[in-house]
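Below is one structure; the comments refer to it alone.
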Amino acid sequence: MSGKISREEFKVKLNHLLTSLRKQISEGDYKVGEYLPSELILAEQYGLSKNSVRKGLEELVSEGLIVKKSRIGNQVISSQPFDQTILRVGYYPNLLKDAVFQKLIKQFEEENPSVKIQTISLPYDHYQQTVQDFMENEMLDAVTINYKDYSDFDTEFRNVFEPMNKNDSIYPFLQKPFETREYQDEVYVRPFVFSPIVLCYNKDHFDASGISYPDSGWKWDEALSAAGRLMNSSKEEGTCGLYFHPLSLNRWPIFLLQNRVTAEYSADGEVAMNGLLESVNLIRKIFDEQGIMQTFLSDSNKDAETLFVDQKASMIMSSYFSLNEIASHEVSYDIAPLPYLKDPKTLLLIIGLAVNKHSKKKKAAQSFVDFISSEETQERIRIETLSIPAVKKVAERQGGEKVYKPSRYFLFREIIPTFSLYTDLGLYSKELNELRKELRIYLSDLMDDKIFYQRISKNLSKKDSVDSRRIKGGE
């Protein structure tokens with residue numbers, strides 16, 4: 001005869017287990033701080049399997065009566081059940097590694113047992129539209145958002161975000177781009193990590209070639225000269241001295257920023273971008289002079305990182321976020337400021353948290369934002385990743401790191417005056433994407449300088465008048 005029990009009998013036994021435990025907890029048989037009997041003992045006592053007991057105890061966790069402590073047991077934390085708040089948080093998948101996001105969420109839940117966070121991984125493509133749709137339909141309570149995706153929101157649509165007070169412990173230059181139009185002491189997004197784009201280089205390659213390490217005085221011609229020497233001294237086929245994904249919105253705008261390119265509109269809406277051709281020609285030159293066969297139509301920043309960790313590229317343009325991937329491989333590397341054209345400019349990447357203005361759980365969502373930007377949580381990001389915390393005194397602290405940090409890790413402090421944003425080009429995100437589409441064709445040698453500039457001028461010009469919503473520096 002089978003030892004299996006019927007579904008109805010199972011429900012009765014499981015309900016008996018939960019009812020008994022609730023009663024014993026409420027009456028003080030198991031006091032707050034004490035542990036329940038082991039799952040094995042409970043299984044024998046109530047005629048259930050160990051897995052069934054474990055599943056049943058999840059209900060007591062959700063009710064706030066107990067917490068599960070790995071390898072220790074089930075601890076009573078309250079004598080009265082509560083209605084748990086389910087907080088839905090959308091996030092960038094890379095944050096699992098770049099900011100140990102899942103660990104931070106677990107810590108928040110442990111410290112706030114009345115709140116359970118439901119994470120929703122959001123696609124990188126069309127992020128702004130996804131976030132807007134989810135928020136307006138109350139499918140998200142909070143969301144991670146970087147400055148680029150934030151700038152995709154037209155000014156009138158930023159009202160999906162709940163304004164919050166600035167945090168005085170966070171670098172001011174990280175908060176300014178997210179200021180509300182009404183009040184300078186309020187922001188729509190609370191930054192929690194950031195990174196400039198820097199030059200990452202293989203120290204062994206430079207040592208073997210007898211070339212001095214890159215420094216802040218390098219211009220792009222010097223970097224390209226070093227790249228040629230590195231390639232000539234390499235014994236491996238298919239290597240390159242300097243590589244980056246030229247079509248990334250985190251890469252090609254830097255060349256325009258360094259060359260003082262801004263979109264200037266006349267009264268009738270015609271656009272002029274002085275220095276544009278010189279800037280994009282440098283991008284083409286970097287690849288042409290190295291003899292790199294560039295597949296502009298299918299490439300990504302990940303390819304540059306892969307080439308670097310495989311030691312097929314001696315230098316790449318990188319973010320501190322990308323260093324989290326590089327550091328997990330056995331490659332001797334360090335970082336330096338980017339080479340430059342006219343001005344030593346670099347792009348500033350900022351990731352923060354925003355609260356949905358339409359959420360019915362704004363108080364819980366704000367508590368999560370406060371937790372992520374707290375000194376304790378920021379310290380955990382500092383010691384466990386190479387991403388830069390937004391809280392100034394934590395970012396500049398040293399000691400206790402659990403990951404290797406390159407010797408020049410703190411150069412970000414030296415180059416703060418060089419930090420720039422996409423919007424410093426005087427273009428909206430949609431216009432940047434339009435420029436990127438034409439750049440793809442141009443870098444693939446499918447159009448000449450004249451046609452490229454004509455197409456840019458035509459596509460970016462405003463036929464009627466200058467857009468009254470045009471904003472500089474993020475507003």
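In this structure, K363 and T85 have side chains that are not in contact, with every pair of non-hydrogen atoms separated by 4.5 Å or more. In this structure the side chain of W220 reaches within 4.5 angstrom of the side chain of L242, judged on heavy atoms. Side-chain contact check for Q128 versus Q132: some heavy-atom pair is nearer than 4.5 Å. Using a 4.5 Å heavy-atom threshold, the side chains of I383 and V403 count as separate. Residues T262 and M273 have side chains not in contact (no heavy-atom distance under 4.5 Å, counting atoms from C-beta outward). In this structure, the side chains of F206 and M315 come closer than 4.5 Å at one or more pairs of heavy atoms.
A pairwise comparison of heavy atoms in L122 and P93 identifies O-CD, 3.6 Å as the closest pair. Of all the heavy atoms in T385 and S387, the pair that sits closest is OG1-N, 3.2 Å. The two residues N356 and M135 come nearest to each other via the heavy atoms ND2-O, 3.0 Å.
Taking the six-membered ring wherever Trp is involved, the centroid distance between the rings of F173 and F419 falls below 6.0 Å. Note: Y92 and F101 fail the aromatic proximity criterion, with ring centroids not under 6.0 Å apart. Aromatic ring centroids of F244 and F255 lie under 6.0 Å apart. When ring centroids are compared, F194 and Y171 come within the 6.0 Å threshold.
The stretch residues 344-367 participates, sequence neighbours left out, in no ring-ring contact (aromatic ring centres under 6.0 Å, His included) pair at all.
In H126, the NE2 atom is not crowded: 12 or fewer heavy atoms of neighbouring residues, nucleotides or ligands sit closer than 6.0 Å. In Y183, the OH atom is not crowded: 12 or fewer heavy atoms of neighbouring residues, nucleotides or ligands sit closer than 6.0 Å. Counting heavy atoms of neighbouring residues, nucleotides and ligands inside a 6.0 Å radius, atom CD of Q184 does not exceed 12 of them. For NZ of K342, the number of neighbouring non-hydrogen atoms (other residues, nucleotides, ligands) closer than 6.0 Å is greater than 12. Residue K116 places its NZ atom among 12 or fewer non-hydrogen atoms of other residues, nucleotides or ligands, all under 6.0 Å distant.
Between the side chain of E431 and the main chain of N459, no donor-acceptor pair closer than 3.5 Å is present. Judged by distance alone, the side chain of Y320 and the main-chain N or O of Y409 form a donor-acceptor pair under 3.5 Å. Formation of a donor-acceptor pair under 3.5 Å by the S209 side chain with backbone atoms of I211 is not found in this model. Side-chain N or O atoms of R413 include none that pairs as donor or acceptor with a backbone N or O of A395 at under 3.5 Å. Judged by distance alone, the side chain of S234 and the main-chain N or O of L230 form no donor-acceptor pair under 3.5 Å.
Here the OG atom belonging to S216 is positioned 7.5 Å from the CD atom belonging to E414, to the nearest 0.5 angstrom.
Salt bridge annotation for K345-D424: absent, with no cationic side-chain nitrogen under 4.0 angstrom from a carboxylate oxygen. Between K430 and E434 there is no salt bridge, since none of the side-chain N atoms of the basic residue sits less than 4.0 Å from a carboxylate O of the acidic one. Between R88 and E138 there is no salt bridge, since no side-chain N of the basic residue sits under 4.0 Å from a carboxylate O of the acidic one. The pair E186-K166 does not count as a salt bridge, with every side-chain nitrogen at least 4.0 angstrom from each carboxylate oxygen.
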- Evaluate salt bridge (Lys or Arg N to Asp or Glu O under 4.0 Å) for E109 paired with K106, printing each intermediate quantity in order. CA-CA 5 Å; E109 290 177 332; K106 183 178 179 182; over 6 Å; no

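None of F161, Y150, Y188 except one satisfies the ring pair (Phe, Tyr, Trp, His ring centres under 6.0 Å) rule with F178; the exception is Y150.
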